[in-house]
Asks: 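The following block contains the structure, expressed as structure tokens.
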Amino acid sequence: SAKFWAEFTAPTEISPGLTEVTILASGQSPATAQNTRKIDIDVPQVHNLTIVASDELITAKADMITRTVEMELTNNGNAPERFDLEVTADWRLEASVSQPMTEEIGAFGDSSTIYVVMPMPYGIRPDTYYITLKATSQADSNFFLTEQIELVVESTYLINVEDVNMSGQTFQGGADSKTISFEVTNNGNDFDEFLIELDTPVGMNAHVKASNQYDPASPPSVEKGASVNVTIEYSFDSGTNGMLELIVSAKSVQSGEVS
């Protein structure tokens, strides 16, 4: 008897499963004896995934304008796969993924695209945050891959002026002045002060009236997410008629932006 080694080389792209190999041993002439042996070779499933982000660093304001990052998942394994998707981040970011799982991604280099969604809600403090996407194989939960995005939230100064609809009311030119109050909200992510600017139409007189919440001579510092009531005193010249529009703007002292 004699011993020998049999060496098997699999193709580069071979799918998982059992492959039957037959070994034939033949005697050298003049011997004619032959014998065969069948061997089952089990090719395991190979998990190999890459995740590439379109942007690894995002700089944005906390302005309620949604940002998205495209994530390309490439399956370099030897079998089609689906991956469960999960995003982890500071809960204040309200970050999410565009879908709970990928579509089936073909083997040997096929890819699929998903998105990490960042709503950028008002009030997120200026800081650097990290958002992690985790993709877990549905075929083997022990196999997963993560990709991280760095998000830099900038100082954000946003002032919102409440709309007041007075179209259903009538006023008489030359009558006594009246007052109206409305809310101005700091939607930024830090303290801010604001100046009220009035664009009055012809025939209308208006000015900001000092109150315990807002004094135009000394604007208060307003905390993020907080509001103050602003009071305007207005009147109309004699003979004024028609539909008039008073435009009220709030200018951030910190950024100079007008809302």
Asks: Indicate if V228 and V164 have the same hydrophobic cluster label, given that clusters are the connected sets of ILVMFWY residues with side-chain heavy-atom separations under 4.5 angstrom.
Replies: yes

Asks: If you measure from CG on N186 to CD on E223, what distance do you get to the nearest 0.5 Å?
Replies: 8.5 Å

Asks: Is S54 close to V69 at the side-chain level, that is, under 4.5 Å between some pair of heavy atoms?
Replies: yes

Asks: Run M120 and L151 through side chain to side chain contact (heavy atoms under 4.5 Å, CB included) and show every step you take.
Replies: CA-CA 10 Å; M120 304 307 298; L151 171 64; 4.1 Å; yes

Asks: With side chains defined as the heavy atoms from C-beta onward, is the minimum distance between Y234 and M204 less than 4.5 Å?
Replies: yes

Asks: Do V161 and L198 belong together in a cluster built from hydrophobic side chains that touch within less than 4.5 Å?
Replies: yes

Asks: Find out if a path of hydrophobic residues (ILVMFWY) with successive side-chain heavy-atom gaps under 4.5 Å connects Y157 to V153.
Replies: no

Asks: Apply side chain to side chain contact (heavy atoms under 4.5 Å, CB included) to the pair T68 and V117, showing each step before the final yes or no.
Replies: CA-CA 5 Å; T68 59; V117 182; 4.3 Å; yes

Asks: With rounding to the nearest 0.5 angstrom, report the OH to OG1 distance, Y214 to T231.
Replies: 11.5 Å

Asks: Any heavy-atom pair between the side chains of F182 and V248 that's under 4.5 Å?
Replies: yes

Asks: Which heavy atom of L158 sits nearest to which heavy atom of A62, and what is that distance?
Replies: CD1-O, 3.9 Å

Asks: Does the T74 side chain pair with the main chain of T50, one donor and one acceptor, at a distance under 3.5 Å?
Replies: no

Asks: Do we see a donor-acceptor contact under 3.5 Å between the side chains of E70 and T113?
Replies: no

Asks: Is it true that, when you exclude F144 itself, more than 12 heavy atoms of the residues, nucleotides or ligands shown sit nearer than 6.0 Å to its CZ?
Replies: no

Asks: What verdict does the side chain to side chain contact (heavy atoms under 4.5 Å, CB included) test give for I159 and V184, after you've listed the backbone C-alpha separation in whole Å, the side-chain angles of each residue and the deciding distance to 0.1 Å?
Replies: CA-CA 7 Å; I159 306 297; V184 178; 3.3 Å; yes

Asks: Answer yes or no: is there a donor N or O on one side and an acceptor on the other, between the side chain of N78 and the main chain of Q45, under 3.5 Å?
Replies: no

Asks: Taking the side chain as every heavy atom from C-beta outward, state whether T156 and K224 have any atom pair closer than 4.5 Å.
Replies: no

Asks: Ignoring hydrogens and geometry, is there a side-chain-to-backbone donor-acceptor pair from S218 to D215 under 3.5 Å?
Replies: no

Asks: Do other residues, nucleotides or ligands put more than 12 heavy atoms under 6.0 Å from Q172 CD?
Replies: no

Asks: Using a 4.5 Å cut-off on heavy atoms from C-beta on, say whether the side chain of M118 contacts that of L93.
Replies: no

Asks: State, with a plain yes or no, whether a side-chain heavy atom of T12 is found less than 4.5 Å away from one of F108.
Replies: no

Asks: Would you compute the distance between atom CG of D40 and atom CG of D42 and round it to the nearest 0.5 angstrom?
Replies: 9.0 Å

Asks: Please report the closest heavy-atom contact between P119 and T66, naming both atoms and the distance.
Replies: CA-OG1, 3.7 Å

Asks: Evaluate D192 against S252 for side chain to side chain donor-acceptor pair (under 3.5 Å), listing each step before the verdict.
Replies: CA-CA 7 Å; D192 200 357; S252 166; 2.7 Å; yes

Asks: More than 12 heavy atoms of other residues, nucleotides or ligands under 6.0 Å from CG of N241: is that the case?
Replies: no

Asks: Looking at CD1 of I180 and CG of N229, how far apart are the two atoms once the value is rounded to the nearest 0.5 Å?
Replies: 11.5 Å

Asks: Kindly give the heavy-atom pair with the smallest separation between A107 and G77, and that separation in Å.
Replies: CB-O, 3.4 Å

Asks: What's the spacing between N75 CG and L49 CG if we round to 0.5 Å?
Replies: 7.0 Å

Asks: Would a 4.5 Å heavy-atom cut-off, applied to side chains only, mark N189 and I124 as touching?
Replies: no

Asks: Specify the closest pair of heavy atoms between A89 and A95, including all atoms of both residues, with the distance to one decimal.
Replies: CB-CB, 4.3 Å

Asks: Can you tell if the side chain of N205 reaches within under 4.5 Å of the side chain of T200, non-hydrogen atoms only?
Replies: no

Asks: For residues 128-137, tabulate all N or O donor-acceptor pairs below 3.5 Å that involve a side-chain atom, not counting sequence neighbours.
Replies:
unit_1 : atom_1 : unit_2 : atom_2 : d
Y129   : OH     : R125   : O      : 2.9
S137   : OG     : E81    : OE1    : 2.5
S137   : OG     : A139   : N      : 3.1
S137   : OG     : D140   : N      : 3.1

Asks: Start with the C-alpha distance between T179 and E233, add both sets of side-chain angles, then the distance that settles side chain to side chain donor-acceptor pair (under 3.5 Å), and finish with yes or no.
Replies: CA-CA 4 Å; T179 60; E233 185 173 10; over 6 Å; no

Asks: Per the salt bridge (Lys or Arg N to Asp or Glu O under 4.0 Å) rule, what does the pair list look like for residues 247-256, sequence neighbours excluded?
Replies: none

Asks: Please report the interatomic distance CD(E154) to NZ(K61), rounded to the nearest 0.5 Å.
Replies: 4.5 Å

Asks: Do you know which two heavy atoms are closest between I196 and A250, and how far apart they sit?
Replies: CD1-CB, 4.1 Å

Asks: Tell me whether V97 shares a hydrophobic cluster with M71, the cluster being built from Ile, Leu, Val, Met, Phe, Trp, Tyr side chains joined at under 4.5 Å.
Replies: yes

Asks: Tell me the closest heavy-atom pair linking S15 and V43, and the distance in Å.
Replies: O-CG1, 3.8 Å

Asks: Return the set of residues passing side-chain hydrogen bond (donor to acceptor under 3.5 Å, both in side chains) with E86 (not counting sequence neighbours), or none when no residue passes.
Replies: none

Asks: Can you get from L73 to V87 by hopping between Ile, Leu, Val, Met, Phe, Trp and Tyr side chains that sit under 4.5 Å apart?
Replies: yes

